[in-house]
*Asks:* 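Right, I'll just put the structure down here and ask away after.
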Protein chains: 2
Amino acid sequence: MTTAPTFRPLWRQIRDLIVRELESGAWKPGEAIPPEPELAARYRVSQGTARRAVDALADENLVVRRQGKGTFVATHTEERVSVPRFLRIRRDDGVDEYPGSRLIDVRRSKAGVEASRHLGLRAGEGVIVLRRVLDLAGAPAVLDEITLPGTLFRGLTKDRVEAYRGSMYGLFETGFGVRMLKARETLKAIAADPASAALLAVEPGTPLIAVERVTTTYGERPVELRRGLCATARCHYLNDLG
Amino acid sequence: MTTAPTFRPLWRQIRDLIVRELESGAWKPGEAIPPEPELAARYRVSQGTARRAVDALADENLVVRRQGKGTFVATHTEERVSVPRFLRIRRDDGVDEYPGSRLIDVRRSKAGVEASRHLGLRAGEGVIVLRRVLDLAGAPAVLDEITLPGTLFRGLTKDRVEAYRGSMYGLFETGFGVRMLKARETLKAIAADPASAALLAVEPGTPLIAVERVTTTYGERPVELRRGLCATARCHYLNDLG
DNA sequence: CAGTGGTCTAGACCACATC
DNA sequence: ATGTGGTCTAGACCACTGG
């Protein structure tokens, strides 16, 4: 039995209030949030305390500070410059490459046991399943199957995905107002089945890394289930332990 | 070409000075560092600035703050309570278990191309190679091959490892004064060779996750090369993306 | 109780970006 | 020149630990 927190610092309360504003969409991804003096005035605290709250948000990657310019709501739409934040697959030769994406299909269906469990849906609720192949160094690297709650991604079609220029999470954010904040990945090694092998251009039975990702938005609410099969002949999964 | 940093905040400089103290062993792992007022006096700064420096160290996991008690040098010797900080392998059933370890052998040899590259040694320098199996849920889960620079781990023997009660990094820290601070892991999927398969109690050819870890101490200096083969039938590799 | 880290404030000044 | 975030200070007070 854990006792409820008996004390919440002021900066923590301010942080929570700002998160609620972010959640409600008061300031959109990429936009600036109010400057520190204004936040301090609004919440009736010293600038130091407002600053502490914003610091916490920056540590959580919810906002990005830019000296001299302001503090901006974090976004997935400006990741084209480097490698997407959530992509752990890298080329063995060390070259930083934004992976190419080929969409296979977009289907509507009912949530199975696994999907409903991970996404917190009732069995049989509508989901959208999207499949694609990521290319790295000119060869297929990852076969992705992305499962989304139908209610959140109503107008999502193959055309819409193909028309969008940028990362998947950029589309989710700008097109559907769903912000991907954290993810938890679970990795296993499996043998390639014939169908997947064909799409990845490897022999059936080739060892692959199976990545299961559950992505969450505000309040740890799960909004994406992603299963990726990674062929690691010329690339690898990278992880830094701090 | 990157320009040299033109400005270093005071708190950053203090942080660096404290790191040097830590590196020199002025305070040993598990011990308390001087309280904030004392640090402030020693470095002739305000307590707020000293605090900022210690905050940075805490963020880097070099020290651990404990309210009311003090600030302590981080250690790997107190990880028995939970799961070791650098271990990403978890049981599928969610049970938190401290893995059992069976040592296979400890050999002295010469650094090969890979080892010398990753550990920054000259080819042919002496290394110690240690092999073991980690058990999870009563079954072999990971086959580890740990390569260490001979000069740093002079008295390391099979007996010494078996006599030590605690994690490998706990032994390195208390027995050899080498503190493991960060690590970078590179994962690939491979098929089990017959020898490894036997030790992991799986069929030859079974897909495994091959984890290559390079662990570093102060100044990003590499001090361990570890190759692990993970059988993921009843466990998985877990990674949180923030 | 004294000593530790944790919070909050008010104010001065610095570094950076923009006009 | 102005406005933004970033640094530093001095001091008051709170929360937690242990004698």
Side-chain angles (χ1 to χ4, degrees), chain A residues 2-19 21-22 27-28 30-75 78 81, chain B residues 2-19 21-22 26-27 30-75 78 81:
Chain A
T2 49
T3 46
T6 177
F7 171 73
R8 280 175 80 222
L10 234 194
W11 66 263
R12 227 305 182 176
Q13 302 175 40
I14 308 299
R15 187 220 83 121
D16 293 348
L17 289 174
I18 298 176
V19 167
E21 292 288 308
L22 288 168
W27 315 299
K28 302 220 176 330
E31 288 181 7
I33 71 172
E36 287 169 11
E38 192 177 323
L39 290 174
R42 171 182 311 194
Y43 297 113
R44 314 291 185 84
V45 296
S46 75
Q47 185 172 338
T49 300
R51 182 172 178 72
R52 191 97 145 71
V54 175
D55 278 342
L57 296 174
D59 287 345
E60 299 170 71
N61 293 312
L62 291 184
V63 301
V64 176
R65 289 177 164 295
R66 276 194 264 246
Q67 185 171 77
K69 302 215 276 197
T71 300
F72 302 81
V73 182
T75 175
E78 291 167 1
V81 280
Chain B
T2 50
T3 47
T6 177
F7 171 73
R8 297 217 8 262
L10 233 195
W11 65 265
R12 229 302 184 180
Q13 301 176 40
I14 308 299
R15 187 220 84 120
D16 292 348
L17 289 174
I18 298 177
V19 167
E21 292 287 307
L22 287 168
W27 314 299
E31 288 181 6
I33 72 172
E36 287 169 10
E38 192 179 320
L39 289 174
R42 173 184 309 194
Y43 296 114
R44 314 292 184 84
V45 296
S46 76
Q47 184 172 339
T49 300
R51 181 172 179 72
R52 191 98 148 71
V54 175
D55 278 342
L57 296 174
D59 287 345
E60 300 171 70
N61 292 313
L62 291 184
V63 300
V64 177
R65 288 177 166 293
R66 276 193 265 246
Q67 185 172 70
K69 303 214 275 195
T71 300
F72 301 81
V73 181
T75 175
E78 291 167 1
V81 280

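Quick note on labels: first sequence line is chain A, next is B, and so on, each numbered from 1.
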*Asks:* Output the distance between atom CG (Asp59(B)) and atom CZ (Arg15(B)), rounded to the nearest 0.5 Å.
*Replies:* 11.0 Å

*Asks:* Classify the nucleic acid contact of Arg52(A) as base, sugar-phosphate or nothing, counting any heavy atom under 4.0 Å across all strands shown.
*Replies:* sugar-phosphate

*Asks:* Roughly, in whole Å, what's the span from CD in Glu38(A) to C1' in dT2(D)?
*Replies:* 16 Å

*Asks:* Both Leu10(A) and Gly68(B) contact DNA chain C. Which one's nearest nucleotide lies toward the 5' end?
*Replies:* Gly68(B)

*Asks:* Under 4.0 Å, heavy atoms only, any strand: does Val54(B) hit a base, just the sugar-phosphate, or nothing?
*Replies:* nothing

*Asks:* Going 5' to 3' along DNA chain C, which are the first and last nucleotides with any atom under 4.0 Å from a heavy atom of chain B?
*Replies:* dG3(C) to dA15(C)

*Asks:* Salt bridge between Asp55(A) and Arg65(A), side-chain N to carboxylate O under 4.0 Å?
*Replies:* yes

*Asks:* Does Ala50(B) offer a backbone N or O that forms a donor-acceptor pair with the side chain of Glu36(B) under 3.5 Å?
*Replies:* no

*Asks:* Quickly work out the Lys69(B) NZ to dG19(D) C1' distance and round it to whole Å.
*Replies:* 14 Å

*Asks:* Considering all heavy atoms of both residues, which atom of Arg42(A) and which atom of Pro34(A) are nearest to each other, and what is their separation?
*Replies:* NH2-CG, 3.8 Å

*Asks:* To the nearest angstrom, how far is Gln67(A) atom CD from dG5(D) atom P?
*Replies:* 10 Å

*Asks:* Hey, which of these two, Pro9(A) or Pro37(B), hits DNA chain C nearer its 5' end, going by closest nucleotide?
*Replies:* Pro37(B)

*Asks:* With a 4.5 Å cut-off on side-chain heavy atoms, are Tyr43(A) and Leu17(A) touching?
*Replies:* yes

*Asks:* Mind checking the OG1-CH2 spacing from Thr71(B) to Trp27(B)? Nearest 0.5 Å is all I need.
*Replies:* 10.5 Å

*Asks:* Can you check the Ile33(A) CD1 to dG5(D) C1' distance for me, whole Å?
*Replies:* 11 Å

*Asks:* Could you tell me the separation between the CZ atom of Arg66(B) and the P atom of dT17(D), rounded to a whole number of Å?
*Replies:* 11 Å

